[in-house]
**Q** 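Structure provided below as structure tokens; questions to follow.
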Protein chains: 2
Amino acid sequence: MANSQGTARYRQLAAALRADVLAGVYGEGGRLPSEEALAETHGVSRGTVRQALALLRAEGVVTSRRGTRRVVLEQPRVQSFAELSSFTRWARSLGEEPGGSVVASEWRAADAVEADRLRLAPGARVLWVLRLRTLGGEPVMVERTVYPEAVGALVDSLPPDTVSVTEGLEAHGILLADADHTLDLAFADPDDARLLTCPAGTPLLRERRRTSDPTGLPVEWSEDRYRAGTVAFTVHNSLASTALTRMRDTSDQEQSR
Amino acid sequence: MANSQGTARYRQLAAALRADVLAGVYGEGGRLPSEEALAETHGVSRGTVRQALALLRAEGVVTSRRGTRRVVLEQPRVQSFAELSSFTRWARSLGEEPGGSVVASEWRAADAVEADRLRLAPGARVLWVLRLRTLGGEPVMVERTVYPEAVGALVDSLPPDTVSVTEGLEAHGILLADADHTLDLAFADPDDARLLTCPAGTPLLRERRRTSDPTGLPVEWSEDRYRAGTVAFTVHNSLASTALTRMRDTSDQEQSR
DNA sequence: AAGTGGTCTAGACCACGAG
DNA sequence: TCGTGGTCTAGACCACTTC
């Protein structure tokens, strides 16, 4: 039987189990009931239980090994994809007050890197936006985002004081489904320095991100630069599911922008 | 029917499909055959096909949407967990020549942070090791690793010129299954500066990592500092599987070591 | 309306861990 | 040896996309 509306059974179950784990019902290092038992308790088949547990496994909430009950891992800080893709939602989930303002915005031709990342022809019309992001009033990040023409038109039509662009896009039916992030170091250029109120040349944590919609079509390509000490990125990976990659840096250093 | 020995059918299938995709059989943006068709072609059930496709989905190789065939995403650079957990294997997979040497090593009492990360009592005996890692002879990373007593004993018994500690541990039956990584910025202390031949205070990309065995028992806690421009970390995440987390930096800055 | 992926079930056998 | 998770099957219905 499938679900009638929004949330699948296995997601509900995963949420329930996650809550139990976080509430310490099994204790750190404790053992979950067997799949069989969970199936019985929750009135679903073992297959559905396994789907739920696979989620928790990927999140690093529990282990899994043949022959042994699943063990509770360290309390994880799990964030939803939505919170990851949106600075605003992330900040809110932390209880911080997000702020943001558009510093500059212009239509222009995509350079080689941008065209490649957005899967457009070189020279295609794109909207480039420079934003300053704040947390509790403090400037923490400079964001340079490029949108393909269709998306850019929507972004351009949003009120200039829109805090969450993501939510603005969603309201127009543009959903985000996939993101690739690359993390490394960069140094503050004059714009960064001015906006973040730090000397030029200050080292910053750089996140370059390409986000796509459910079709696989790129929706944005962004380079975000965080002041040191304001954020850290964490990744969980396991034999079962690998999402992190470490790569040799062949960076098209600064000159590309 | 289960498999008789090592590799599950769905993993073989995933590997085959991944190879096809990378070989450009479907073309970027192309569409995969339907699950039904794949099941038929490969002589397995739809369930098995779906397991294989779930792997590729998590890797960011293909999309998936109800109602439409799966679409090939950008060529991904997928790394195995083994390559992520071992500097040596990572380097080899890139065709680079990894090097490494133990600079210092000592048994000592775990400080608060170390005990917490390794899930030990404060003051427990741990082995602390300082290593310099090189790539093609160039120093690229300084690694400070702490091992719980049992693991440390093994590490201590390895020949001092052992290039891959991970492989040494595996030879003794210690397997790695899970890792949590935290990425942010740090600044070179005098040791870093000397080893990496850069001025003290140079910004470095810092990776703090806790690796666990299949039981969930922490095996190592490490702080690695990379010279800027030598590596970048990439993460893929999606609505389906989220592994990346962005968190507020509450760093126990430098003084903890 | 037809095709496709998403969800769910019920049952089977296997491989591994622990007693 | 027994309990547990890992793998696989066969079939069902649903929700969404596309025509």
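Per chain, numbering begins at 1; letters A, B, ... match sequence-line order.
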**Q** Determine the contact category for Arg46(A): base if any of its heavy atoms lies under 4.0 Å from a base atom, sugar-phosphate if only primed atoms, P, OP1 or OP2 are that close, otherwise nothing.
**A** base
**Q** Give one of base, sugar-phosphate or nothing for Arg70(B), where a contact means two heavy atoms less than 4.0 Å apart.
**A**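 The residue Arg70(B) makes sugar-phosphate contact but no base contact.
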**Q** Can you confirm whether Leu183(A) sits close enough to Glu207(B) that some side-chain heavy atom of one is under 4.5 Å from a side-chain heavy atom of the other?
**A** no
**Q** Any side-chain heavy atom of Val151(A) sitting closer than 4.5 Å to one from Val219(A)?
**A**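 Side chain of Val151(A) against side chain of Val219(A), heavy atoms only: contact under 4.5 Å found.
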**Q** Any side-chain heavy atom of Glu143(A) within less than 4.5 Å of one from Glu223(A)?
**A**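 No. Closest side-chain heavy atoms not under 4.5 Å.
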**Q** Of the listed nucleotides (dG6(C), dC8(D), dG5(D)), which one gets closest to any side-chain atom of Arg66(A)?
**A**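 The answer is dG5(D), which lies nearest to the side chain.
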**Q** My understanding is that only one of Leu53(A), Leu17(A), Val61(A), Leu38(A) makes a side chain to side chain contact (heavy atoms under 4.5 Å, CB included) with Arg70(A); could you say which?
**A**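 Going through Leu53(A), Leu17(A), Val61(A), Leu38(A) one by one, the side chain to side chain contact (heavy atoms under 4.5 Å, CB included) with Arg70(A) is satisfied by Leu53(A) alone.
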**Q** Please report, rounded to the nearest Å, how far the P atom of dA10(D) is from the CZ atom of Arg9(B).
**A**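 The answer, rounded to whole Å, is 11 Å.
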**Q** Map Gly67(B) and Ser64(B) onto DNA chain C by nearest heavy atom, then report which one ends up closer to the 5' terminus.
**A**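 The residue whose closest nucleotide sits nearer the 5' end is Gly67(B).
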**Q** Quick one: on DNA chain C, does Tyr10(A) or Arg69(B) contact a more 5' nucleotide (nearest heavy atom)?
**A**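 Between the two, 5'-proximity favours Arg69(B).
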**Q** Identify which nucleotide among dT17(D), dT9(D), dG5(D) has an atom closest to any side-chain atom of Thr48(B), counting heavy atoms from C-beta outward.
**A**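 Minimum distance to the Thr48(B) side chain belongs to dT9(D).
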**Q** If you look at every strand shown and take non-hydrogen atoms under 4.0 Å, does Arg50(B) touch a base, only sugar-phosphate, or nothing?
**A** base
**Q** When you measure from the side chain of Ser34(A), which nucleotide among dG5(D), dC8(D), dT7(C) comes out closest?
**A** dG5(D)
